[in-house]
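One-based numbering along the sequence shown. Computation of the quantities below employed the complete heavy-atom set of this structure, encompassing side-chain atoms and omitting hydrogens, waters and symmetry-equivalent molecules. The structure presented is a predicted model; accordingly, all values stated were derived computationally and were not measured.
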Amino acid sequence: MKRIWLMYGDYMLFVLILLIKMIMVGPATGTYFGLNLFFVSLGALILISFWSLWISPRIRRWVLFYLSILITVLIASNIWYYRYFTDFLSVALLIQIPQMGAVGGGLGDLIYPLDFLLFADVIVWGVLLLKDRKRKFNDYPAKKRSKAALTAAVTGVVLFTAPLAINAADRDEWLVQDSLSNMRNYFKLGMLGHHAIDIGREIDDQFIEEKSLTSSQLREMQQFFDSNRDQESAVETTVEGRPNVIIVQLESFQNSVLDQEIEGQELTPFLNEFKDEVMYFPNFYHQTHQGRTSDAEFILNSSFYPLKAGSVYTRYPDHSYDSLPEKMESAGYETAAFHAFERTFWNRDEVYENFGFDHFYSIEDFPEGDVIGLTLNDEDFFLSSVDRMLEMNDPFYAFMVALTSHTPYDFPEEKKELNLESLEEEIIQNYYHNIHFVDQAFGAMVERLKDEGIWEDALVIAYGDHDSGLQESGREMAEMAEAESAVDYLALGQEVPLFMKLPKMDDGTVMEQTGGQIDIAPTILSLLGLDKGYMMGNSLLHDQPRLTVFREGSFVYDGYYYEADLTSERENGKCYNIESEEEADKENCAQMLYEAAGQLRMSDTIIKKNGVGQLQGQTVEE
């Protein structure tokens, strides 16, 4: 045994320490780590490193040292990324790295002091290597090294494939269909396995898979859109003529901040009153994923789901979509997008042009003003955007993307109006200061629209793009909300406000029906009496139950919330009664289980293969 340790002890320590780090991913992210993950992780570590046993011990120790650094960085990066996106990294995100620099200031909130323990062994190992760099080693015969490497390779294959064989025996759906979530790949294949299959599928998507849709795919999609379009015939509410349409996307604005008070101070005093004067949807959900703000914009203007990995804005910016601005323009509208940041950020210049916007007003088109966070503060942004609207021809469609409350939630001391010293987390204090400012800024815009005579006859919609990322269990936001059940965390993390002011609207009303961002464009088109064409959402104004799907396969339907279980078969998720917050019989969710997955897969196929373009008769470039 001592002889084996002297020959291969460095390798065994390498595998053992990295396996411990992979086990640590579970508690570090609050995710499951079971026996299946243990074996596939151990097998993957051996498979990625067995070849090092062929190398002489003198060189091998340095190879394992550098390999350990790379894998440790990968583990830490996935942990930090998960804490904000509840997902793991993917190849598609490499395209987005240049876009991350401007918003990277919030990284400090994702890194915990204990995370640095991941690197403790690397530091110790590095010191020992430098100290022993002149040590002499016995170079064991090549035949013995080859035998050891072969034995390790076989062991790795057995450990990694055995759980997959068990899944195959159980006819696990995951084995025959592309998963809906990176996390499902992780729970089945471990971290290294997830990244390996992610690379393989990205290569397949970009270079191997046939780009043309099959006749059966085209037929299935056309049938879906024809059936989906027929549902809008049940909607009777329309507006007269062609009112101006103004849409405001509020950054990181979750529903929980409405009516919230801290030490007697309202976070959103204007919106608390505003929601009583318009149509307010309290059961409305964001459906964004890794693209976050850009996902919300995409969902709003296309009525498709975000991708499993990466953002449509950076991966498929030139594909065809039956977009809202194109439909508005065909109805006689002048269209404009407003975003007070760099034109090229997240490819917005390219995407907005592809969507069909007549104008794109970026930071260079706005006057100088106080900067809060990333760019021009929202009040100056809103008011300057109204100036541009006054130059547009009626009717117009104005799409405004606010930015003040963007992570990392920095907020200038001199502009703070609330006393939030009772909160311990500074980042949550700053988030609430931002929200309070945005609330006032939105109110200033509404007053300006009224003063200019635009408000009365306009269709105005405002909604939150996604959550703050600060609501996980154990943090002050969750404690203040008294979040305990899965339904509580659904509300805290997925609900965003939606306000809709119809032309000549006198009284407000609370719209209890559920819906998501994918339904906004169809609602607008329905109100205007326009065909929604190739859109997956449905009008929020009809009374039929509406399926609201989230990217990982969870969904809300007819008073129930289905929380997907990504660790096993699709049917093993939990079904909750939203009103009682209690777990319910799965039969209450079963009817929409595969419909939800089917919609996500169809949306992915359409986006990746330019499906709308093919449905409209465009030729495909292979």
Side-chain angles (χ1 to χ4, degrees), residues 21-22 25-26 28-33 37 40-41 44 47-48 70-101 103-104 106-107 110 160 174-175 177-209 287-296 298-299 304-317 319 346-347 351 466 469 549-554 564 566-567 597 600-601 603-609:
K21 292 180 185 181
M22 290 189 170
V25 171
T29 57
T31 57
Y32 162 89
F33 194 99
L37 263 177
V40 296
S41 297
L47 287 174
I48 205 172
L70 288 174
I71 296 176
T72 300
V73 169
L74 182 66
I75 292 171
S77 299
N78 275 300
I79 289 172
W80 297 334
Y81 189 82
Y82 182 89
R83 285 176 180 156
Y84 188 72
F85 291 97
T86 63
D87 203 354
F88 278 167
L89 294 164
S90 62
V91 174
L93 292 172
L94 296 177
I95 305 172
Q96 298 178 190
I97 288 177
Q99 313 293 344
M100 299 292 188
V103 297
L107 183 62
L110 308 177
F160 188 78
W174 174 86
L175 290 167
Q177 287 186 298
D178 189 11
S179 67
L180 302 177
S181 165
N182 288 333
M183 293 307 296
R184 187 160 176 79
N185 288 341
Y186 164 69
F187 289 127
K188 293 294 183 180
L189 295 173
M191 184 176 293
L192 296 177
H194 152 62
H195 287 296
I197 198 170
D198 175 59
I199 292 170
R201 283 180 172 163
E202 189 67 22
I203 292 172
D204 182 59
D205 285 347
Q206 299 299 329
F207 305 109
I208 300 174
E209 188 178 22
Q287 296 166 292
T288 68
H289 193 46
Q290 292 184 344
R292 301 291 271 179
T293 298
S294 71
D295 278 352
F298 173 73
I299 299 168
F304 282 100
Y305 295 101
L307 292 168
K308 176 180 75 174
S311 165
V312 176
Y313 272 32
T314 55
R315 298 191 67 192
Y316 306 100
H319 283 191
W346 287 86
N347 284 348
V351 174
H466 54 74
V549 185
F550 308 120
R551 179 60 254 191
E552 87 288 3
S554 299
L566 303 179
T567 67
L600 290 170
R601 289 201 171 96
S603 178
D604 284 349
T605 300
I606 289 173
I607 292 169
K608 292 179 179 180
K609 295 192 174 187

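Closest non-hydrogen pair, Val91 versus Asp198, comes out as N-OD2, 2.6 Å. Contact detail for Val25 and Thr31: the closest heavy-atom pair is O-OG1, 4.0 Å. Considering all non-hydrogen atoms of both residues, Gly190 and Val40 come closest at N-CG2, 3.7 Å. Here the closest non-hydrogen pair linking Leu307 and His289 is O-CD2, 3.4 Å. The shortest heavy-atom contact between Gln290 and Ser90 is OE1-OG, 3.8 Å. Minimum interatomic distance between Trp346 and Ser311 (heavy atoms only, all atoms of both residues): CZ3-CB, 3.6 Å.
Residues Val312 and Pro306 have side chains not in contact (no heavy-atom distance under 4.5 Å, counting atoms from C-beta outward). Residues Leu180 and Arg601 have side chains in contact (heavy-atom distance under 4.5 Å, counting atoms from C-beta outward). Using a 4.5 Å cut-off on side-chain heavy atoms (C-beta onward), Tyr186 and Leu37 make contact. At least one side-chain heavy atom of Leu192 sits under 4.5 Å from a side-chain heavy atom of Met22. Within the 4.5 Å cutoff, no side-chain heavy atoms of Phe85 are placed close to those of Asn182. Taking the side chain as every heavy atom from C-beta outward, Arg315 and Gln206 approach each other to under 4.5 Å. In this structure, the side chains of Leu189 and Phe160 come closer than 4.5 Å at one or more pairs of heavy atoms. At least one side-chain heavy atom of Lys308 sits under 4.5 Å from a side-chain heavy atom of Arg551.
Taking the six-membered ring where the residue is Trp, Phe88 and Tyr82 present perpendicular rings, their angle passing 60° and hence far from 30°. Classified by interplanar angle (parallel below 30°, tilted 30° to 60°, perpendicular above 60°), the ring pair Tyr316/His319 is tilted.
Looking at Gln287, its side chain never comes within 3.5 Å of a backbone N or O of Tyr305 through a donor-acceptor pair. A donor-acceptor distance shorter than 3.5 angstrom exists from the side chain of Ser554 to the backbone of Ala564, with no hydrogens or angles considered.
Here Ile606 contributes atom CD1 and Phe304 contributes atom CZ; the two are 4.5 Å apart, rounded to the nearest 0.5 Å. How far CD1 of Ile79 is from CE of Met191: 6.5 Å, rounded to the nearest 0.5 Å. The distance from the NZ atom of Lys188 to the CD1 atom of Ile197 is 12.0 Å, given to the nearest 0.5 Å.
For Ser603, there are no side chain to side chain donor-acceptor pair (under 3.5 Å) partners at least two apart in sequence or on another chain. Looking at residues two or more places apart in sequence or on another chain, you find a ring pair (Phe, Tyr, Trp, His ring centres under 6.0 Å) between Phe550 and Tyr285. For Ser41, the side chain to side chain donor-acceptor pair (under 3.5 Å) criterion is met by no residue, not counting sequence neighbours.
Exactly one of Leu566, Thr86, Thr567 qualifies for a side chain to side chain contact (heavy atoms under 4.5 Å, CB included) with Met183. That residue is Leu566.
Side-chain polar atoms of Asn78 and His195 form a donor-acceptor pair below 3.5 angstrom.
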